[in-house]
A.B. asks: 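So that we are looking at the same thing, I have put the structure below in structure tokens.
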Amino acid sequence: MRLILDTDPGVDDALAIMYLAAQEDAEIVAVGSVHGNVAASVGALNALRVLELVGLNPPVAVGAARPLAQPLQTAEFVHGQDGLGGHAGPLPKGSTVAGSAAEQIVRLARENPGELTLLALGPLTNVALAVLLEPDLPNLLRSVVVMGGAVTVPGNITPYADANFFHDPEAADLVLGAGFTELILVALDATEQARVGTDWLSALAEVRGPRADFANKLLDHYGQFYSNMFGEHSCTLHDPLAAAIALDQKLATYRTMPLGVELTGTHTRGQVVSDLRSISSDAYISTNAGTGRVPVKVADTVDVPTFRDLMFKSLKG
Ligand code: BDR
Ligand code: CA
């Protein structure tokens, strides 16, 4: 599988890159950074750092510095000031390429029609801009896999919204309504199942090697944040699960439904709007979430043991 990665590294983004790098059947064709966990310029450097650690050298383009319609808000309180839990280290050897992440998506999709999967692990600003630049993008990409949203479960950054959708609700709504041939949403409904606990974390802490050492440092930081929240030693591997599902859809079951994002709610901005009524009757009034939108595939039940095992092996090196 050939992937364009759109990302805001970010601890779990970094772990997702390490996961992908360990899969023989995956090729990261290009990477774009986006604002989100940290500034887009910081995220691009972090992407380069992690790619260098795992021996990969795809082009990395800097993406959108801010959301479409609201001020920039970042999440260093989760991922650390440098986005990598204080372990970013020296500057990467490589540098970013010219052109924006959105332009890179459009160019690659045009050059490889129907071949590339776009894996989006941050706010969807770059993807929305790419759709605006190339309205035929939904037909040019083979598939889009998005980590974001909370469909039937509470949010994380607010009671209603996940961080990725909250950091750019307009972009998320645009992407969900763009009509991609295949869009898989790996929302908190799925990722909250993909938590790793003391046993898993302690077993990885025993492993030595450049990849495992780096992963353990990241997980120490990330685990502390989540442990404070959950009251037990554990953390949630949002972006790695989306990466794993992008490579193997059999890791989850799916529900198919049209979706939108709340843009005007006083308390609920960034919330996924879904019509969960299990009927298809004209007697019910359509909502914005449903009207005329191509349904997306929402990851439902995750094969958690298999995912934990795959993730452990990839970080072990
Ligand atoms: C998402 O928000 C970010 O903090 C994580 O990297 C992940 O992509 C989870 O809501
Ligand atoms: Ca992310």
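Every number for a ligand or one of its atoms is a count from 1 in the order of the listing. Reckoned from all heavy atoms, side chains included, excluding hydrogens, waters and symmetry mates.
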A.B. asks: Specify the protein heavy atom at minimum distance from atom 6 (O) of ligand 1: its residue, its atom name, and the distance to 0.1 Å.
C.D. replies: D12 OD1, 2.5 Å
A.B. asks: Do ligand 1 and H238 have nitrogen or oxygen atoms that lie under 3.5 Å from each other?
C.D. replies: no
A.B. asks: If I apply the N/O under 3.5 Å rule, does L121 come out as touching ligand 1?
C.D. replies: yes
A.B. asks: Can you tell me how the ring of F312 sits relative to the ring of W200, calling it parallel under 30°, perpendicular over 60° and tilted otherwise?
C.D. replies: perpendicular
A.B. asks: Using a strict cut-off of 4.0 Å, indicate which atoms of ligand 1 neighbour a heavy atom of N156.
C.D. replies: 9 (C), 10 (O)
A.B. asks: Does V78 reach ligand 1, in the sense of a heavy atom lying below 4.0 Å from it?
C.D. replies: no
A.B. asks: Determine whether any heavy atom of H79 lies closer than 4.0 Å to an atom of ligand 1.
C.D. replies: yes
A.B. asks: Can you tell me which residue and heavy atom of the protein come closest to atom 9 (C) of ligand 1, and the distance to 0.1 Å?
C.D. replies: D162 OD2, 3.4 Å
A.B. asks: Just say parallel, tilted or perpendicular for the rings of F77 and F225, cut-offs at 30° and 60°.
C.D. replies: perpendicular
A.B. asks: Is the closest basic N to carboxylate O distance between R2 and E115 below 4.0 Å?
C.D. replies: yes
A.B. asks: Using a 4.0 Å cut-off to any heavy atom of A163, which atoms of ligand 1 qualify?
C.D. replies: 2 (O), 10 (O)
A.B. asks: The criterion is salt bridge (Lys or Arg N to Asp or Glu O under 4.0 Å); which residues satisfy it with E52, sequence neighbours excluded?
C.D. replies: none
A.B. asks: T74 and H35: side-chain donor and acceptor closer than 3.5 Å?
C.D. replies: no
A.B. asks: Would you give the length of the straight line joining atom OG of S234 to atom CZ of R195, rounded to the nearest 0.5 angstrom?
C.D. replies: 4.5 Å
A.B. asks: Just by modelled atom types, is the V11 backbone N or O under 3.5 Å from a matching donor or acceptor in the H79 side chain?
C.D. replies: yes
A.B. asks: Of all the atoms in ligand 1, which lie at a distance below 4.0 Å from a heavy atom belonging to N164?
C.D. replies: 1 (C), 2 (O), 3 (C), 7 (C), 8 (O)
A.B. asks: Start with the C-alpha distance between D136 and N139, add both sets of side-chain angles, then the distance that settles side chain to side chain donor-acceptor pair (under 3.5 Å), and finish with yes or no.
C.D. replies: CA-CA 6 Å; D136 200 33; N139 301 313; 2.7 Å; yes
A.B. asks: Of all the non-hydrogen atoms in the protein, which one sits nearest to atom 8 (O) of ligand 1, and at what distance?
C.D. replies: D239 OD1, 2.7 Å
A.B. asks: Is D13 touching ligand 1 with its side chain, its backbone, both, or neither, if touching means heavy atoms under 4.0 Å apart?
C.D. replies: side chain
A.B. asks: Could you go through the side chain to side chain donor-acceptor pair (under 3.5 Å) check for Q193 and T191 one step at a time?
C.D. replies: CA-CA 5 Å; Q193 298 168 50; T191 65; over 6 Å; no
A.B. asks: Are the charged groups of R107 and E103 less than 4.0 angstrom apart, N to O?
C.D. replies: no
A.B. asks: What I want to find out is whether K316 reaches E206 closely enough, with some N-O distance under 4.0 Å, to be called a salt bridge.
C.D. replies: no
A.B. asks: Starting from atom 3 (C) of ligand 1, find the nearest protein heavy-atom neighbour and note its residue, name and distance.
C.D. replies: N37 OD1, 3.2 Å
A.B. asks: Please name the residue in the list N46, D239, D8 that meets the side chain to side chain donor-acceptor pair (under 3.5 Å) test with N37.
C.D. replies: D8
A.B. asks: With 3.0 Å as the limit, jot down which protein N, O or S atoms are around the Ca ion (ligand 2).
C.D. replies: D8 OD1, D13 OD1, D13 OD2, L121 O, D239 OD2
